[in-house]
Amino acid sequence: MSSHLALPRNGHLAAVLHIFAYLETHQNSETVYDPTEVTFDLTNFPKQYWSYSIYGNEGLKKTLPSNMPLIQKKYDYASICGQ
């Protein structure tokens, strides 16, 4: 829920209230973690070469619109507060 702090909506408030209601009814619950370290056998995973695609889109190129404006500044900041 912390990702919605910037622009909370009514649905987010309802979700937080639902979380608190759950926690209120499960006060004696515990979270248990397994401290053992997991080891993976990397030979079970095939090596992938990401320089090509199985979908056949190697020759694709990003096309930009011809009437796209040029960037005037190195950095352009957007104002969220309307300033």
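What you see is a predicted model, and the numbers here were worked out from it, not measured in a lab.
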Seminar exercise, completed: Output for pair (D41 CG, T39 OG1), nearest 0.5 Å, gives 8.5 Å
Exercise. Can you tell me how far the CG atom of L17 sits from the NE2 atom of H12, to the nearest 0.5 Å?
Worked result: 13.0 Å
Exercise. Should we count CG of N44 as having more than 12 external heavy atoms under 6.0 Å?
Worked result: yes
For this session: Heavy atoms only: give me the nearest V38-F40 pair and the separation to one decimal.
Result: CG1-CZ, 3.8 Å
